[in-house]
Amino acid sequence: AMWLLIATLCLQTSATDAECRREVRGPYHAPMACREMLTPVRDVLVSVAGDMGARVIFASARCEKGDDL
């Protein structure tokens, strides 16, 4: 089975809007290989928000089991 790392960053860039985007990296062949990327990916998401001067509404990264094709 392959594992996908799914990271989401929802930003507020003004008082009246919010942007939510999803990035997918991988696949990883083992759950641990995916989990090792969670903290670095969260750190990058928060850093990108800081560079934009945006308020972080939420930042999440998780691993999900993918379907082998």
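Index from 1, following the sequence. Side chains are part of it too, since the values below use all heavy atoms of this structure and drop only hydrogens, waters and symmetry mates.
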- Task: Would you please name every residue forming a side chain to side chain contact (heavy atoms under 4.5 Å, CB included) with Ser47, sequence neighbours left out?
- Result: Asp51
- Task: May I ask whether Val44 and Met52 are part of the same hydrophobic cluster, defined by side-chain heavy atoms of I, L, V, M, F, W, Y residues being less than 4.5 angstrom apart, directly or through others?
- Result: yes
- In terms of heavy-atom contacts, Cys63 and Leu38 come closest through SG-CD2, 4.0 Å
- When rounded to the nearest 0.5 angstrom, what is the spacing between OG in Ser60 and CZ in Arg42? 7.5 Å
- Query: Are Leu45 and Val56 connected in the hydrophobic side-chain network, where two residues link if heavy atoms are under 4.5 Å apart?
  - Reply: yes
